[in-house]
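Data block below; observations after.
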2 protein chains.
Amino acid sequence: MSDSTIYEVARLAGVSIATVSRALRNTGPVSAATREKVQRAVEQLKFTPSRLGVSLAEGRHAANGIVFPDLSGPYFAEVLLGYEEVAAELGRSVLILSTRDRDGVPATVKDLATRVDGLVVFGQTLSDAMLTELAESGLPTVLLARDAHPGTEAVRSENGGAAEALAVHLIAHGHRAFALAGGHDEGDVSQRWTAVARTLGLHGIPVPRPVECPYTVEGGYEAGLRLLPDNPDVVMCADDQVALGVILAAEELNLKIPGDVAVTGWDDIMAARHARPALTTVRQPLRELGGAAARVLDELIAGVEPTNTTRVLATDLVIRSSCGPHPPAQEEQ
Amino acid sequence: MSDSTIYEVARLAGVSIATVSRALRNTGPVSAATREKVQRAVEQLKFTPSRLGVSLAEGRHAANGIVFPDLSGPYFAEVLLGYEEVAAELGRSVLILSTRDRDGVPATVKDLATRVDGLVVFGQTLSDAMLTELAESGLPTVLLARDAHPGTEAVRSENGGAAEALAVHLIAHGHRAFALAGGHDEGDVSQRWTAVARTLGLHGIPVPRPVECPYTVEGGYEAGLRLLPDNPDVVMCADDQVALGVILAAEELNLKIPGDVAVTGWDDIMAARHARPALTTVRQPLRELGGAAARVLDELIAGVEPTNTTRVLATDLVIRSSCGPHPPAQEEQ
DNA sequence: CTCGTGTGTGTAAGCGCTTCCACTGCCCCG
DNA sequence: CGGGGCAGTGGAAGCGCTTACACACACGAG
């Protein structure tokens, strides 16, 4: 913003740099007259303190980072939004790092780590070994959408209860043949499938094995093509994007939703409401998730010792038409 | 990442800090033996150079920022993704700043400016005065989704041609009564409406005045409720989210799309493909937009003088079913 | 008229790095 | 065999700030 330094301001104002600093940060007594002179010099030179100088002297960055695998879906974007909002509120800039399939992730993360006072890391983005390394380095770290790792805190949204409620709802519809789309061992999703399996078991319904696929529309489409020929009553999907893909596959196979097969998602992204048919799903408080992570991280940075606690935010079952016919009153747009 | 400094490494390796620095950055002759000793010391202490120290000495941040109004829609998220990807490729971290409706934006932007080597700024996010201030401060700046401001470069996607093509297509459908949803004077959108107006004029069709609304589903819904009672043949929308909102409003009013009224969007976000009916729209190369901005910014940072040039990326007309019936062959999923 | 007690200000020591410059050997060419 | 050149290294000066510490001075209390 400006090329002038505190020295030039000091010279122009006829005082020492210490005084300039004190005047600018209100960090010590400065006479009104001096303050005035400094103020004038600052304006004349359009002086803005160098962030680098400040940070080096203060020993803090006043910035924190967030690491996520991708930003293509609405999921991460929403969480990021909530995160940035709260971080800004707390006076911290935010650095982002998307790992994608990039190689050299560890190096990039380490670079990021040197630029921030703390880090938020999404679910399975980083290996546990890497997380341990981060924790041991003393960098405050908060995990998102998974349970805490030693030396960190975590924030996620409720999975088991909502998954159970969703399964119960589907069973009430009369669905018996279940299929599950999406699911390597990601903490979040596996928690849901576990609850679904338990619920189905209690009702004496066969428990399907989840079919793995990328959490994208394309991934869901592929999964749909594999699952639908077996004529399931319902395909429960790891997230809404997968569900949208399954819907596409169903259309391709001339299957009617929910007539021939029901489909459910998870997250309640915008497209879920606009899908044809509108998607029954579970709403995650995405922004709140990000915001909560920012606050927890701030505490850690402030010096609170990590307790390996996982904070769990509530989710809502959102019943729409993709899971089967309802009396209109029950539907929600 | 590590609390050790270059001094400790130097002491442990039995050399001077200058040598450590040279060994680590390959910036001068170092004997194999010395290099080895340094390497060992680095590993033993888990030394990672302090970014602050490096940046202060080098006089650069190796980071750049991006300023956008919001991240709620897919639009900004996609562009951001492309931006981050290329920035990472170029070895730069990225700091994000969402302005939202927050007050104190100028101050926040100035703070951001002190943390980066260059800035990408979305369309109407910042006032022209603010842009001038940035440019004059010498901070490399690239504008997105609008034309260049003095002292900057700009990247946007093509608007006029696609808007004209879309209008022509709609006219070919037999639509005559046009309505336009969304449109304060944003550079991008106003360019489209101008082209639409010209095209309609050439065909002797009355030119409607755009109805302003926020670029969100809710905004589109409101706009739809206001516009649809006038029985337009088609509602052209500023972006896909607005179009989705108009579709919702049409449902509410029991209007069939495209039977009673056609609707078009802009951007081709994911939900457009999954909407009911699927949305005719214009595809913007969102990621490429972000990537191009990152590259241009990198040149500016490397010292290339700004030329106030606007780079224009091509767009594609995407015909789906929301604009009227087509022979199946013409449709695209 | 002293001795605290503040207020207001300057000096200088960092913060952690990069890099210019100087210096020491050593090798090789004439 | 002398000297130029270069590989290898260290000293030290920044980069732009914050802040502990010292100091000067004024003022009211004893």
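Lettering of chains follows the sequences in order, A, B, ..., and the numbering in each one begins at 1.
- Checking D:dG16, D:dC17, D:dG11 against every side-chain atom of A:P49, the shortest atom distance belongs to D:dC17.
- Rounded to a whole Å, the CG atom of A:L45 is 15 Å from the C1' atom of D:dG16.
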Using side-chain hydrogen bond (donor to acceptor under 3.5 Å, both in side chains), reason through B:N26 and B:R35 one step at a time and then give a plain yes or no.
CA-CA 10 Å; B:N26 277 312; B:R35 186 178 300 278; 3.1 Å; yes

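- Rounded to whole Å, the distance from CD1 on B:I6 to P on C:dG16 is 11 Å.
- For the pair B:D267 (side chain) and B:D239 (backbone), a donor-acceptor distance under 3.5 Å is absent.
- Per the geometry, CG belonging to B:N26 stands 12 Å off P belonging to C:dT18, to the nearest Å.
- Look at CD1 on B:I17: it is 13 Å from C1' on D:dT9, rounded to the nearest Å.
- Taking atom NE2 on B:H61 and atom P on D:dC15, their separation rounds to 15 Å, with Å as the unit.
- Side-chain atoms of B:T19 lie closest to D:dG10 of the nucleotides D:dG10, D:dC17, D:dT19.
- Listed nucleotides D:dG8, D:dG16, C:dC17 differ in distance to B:T5; the shortest reach to its side chain belongs to C:dC17.
- The distance from atom CZ of B:R22 to atom C1' of C:dG16 is 17 Å, rounded to the nearest whole Å.
- When the nearest nucleotides of DNA chain D are assigned to B:A32 and B:A57 by heavy-atom distance, the more 5′-ward of the two goes with B:A32.
- Within the structure, the salt bridge (charged side-chain N to carboxylate O under 4.0 Å, His left out) test picks out the following pairs touching residues 9-28 of chain A (sequence neighbours left out): A:R25-A:E58.
- Contact annotation: A:R51 does not reach the phosphate of D:dC17 (side-chain N/O to OP1 or OP2, under 4.0 Å).
- When heavy atoms are screened at a 4.0 angstrom cut-off, A:R25 is found touching the sugar-phosphate backbone but no base atom.
- Between B:T34 and D:dT9 there is a side-chain N or O to OP1 or OP2 distance below 4.0 Å.
- Salt bridge status for A:D70 with A:R100: absent, with no side-chain N to carboxylate O gap under 4.0 Å.
- Proximity of A:S31 to the phosphate of C:dT9: a side-chain N or O atom is located under 4.0 Å from OP1 or OP2.
- No side-chain donor-acceptor contact under 3.5 Å links A:E85 and B:S98.
- For the pair B:S21 and C:dC17, the criterion of a side-chain N or O lying under 4.0 Å from OP1 or OP2 is not met.
- Remark on DNA chain C: of its neighbouring residues A:V15 and B:L52, the 5'-side contact belongs to A:V15, judged by nearest-heavy-atom nucleotide.
- The residue B:S55 sits apart from the nucleic acid: no heavy atom pair falls under 4.0 Å.
- In this model, the phosphate group of C:dT9 is not approached by any side-chain N or O of A:S16 to a distance below 4.0 Å at OP1 or OP2.
- Of the candidate nucleotides D:dC17, D:dG10, C:dT9, D:dG10 has the atom lying nearest to any side-chain atom of B:A18.
- The distance between atom CD of B:E8 and atom C1' of C:dG16, rounded to the nearest whole Å, is 11 Å.
- As a whole-Å value, the separation of A:E58 CD from C:dG16 C1' is 16 Å.
- In terms of polar N and O atoms assigned as donor or acceptor, the side chain of B:R35 never comes within less than 3.5 Å of the base of D:dG8 in a complementary pairing.
- Side-chain contact between A:I66 and A:L119 is absent, with no heavy-atom pair separated by less than 4.5 Å.
- Minimum atom distance to the side chain of B:V54 is reached by C:dC17, of the listed C:dT19, C:dC17, D:dT18.
- Contact of B:Y7 with C:dC17 (side chain to base): a donor-acceptor pair of N or O atoms is detected under 3.5 Å.
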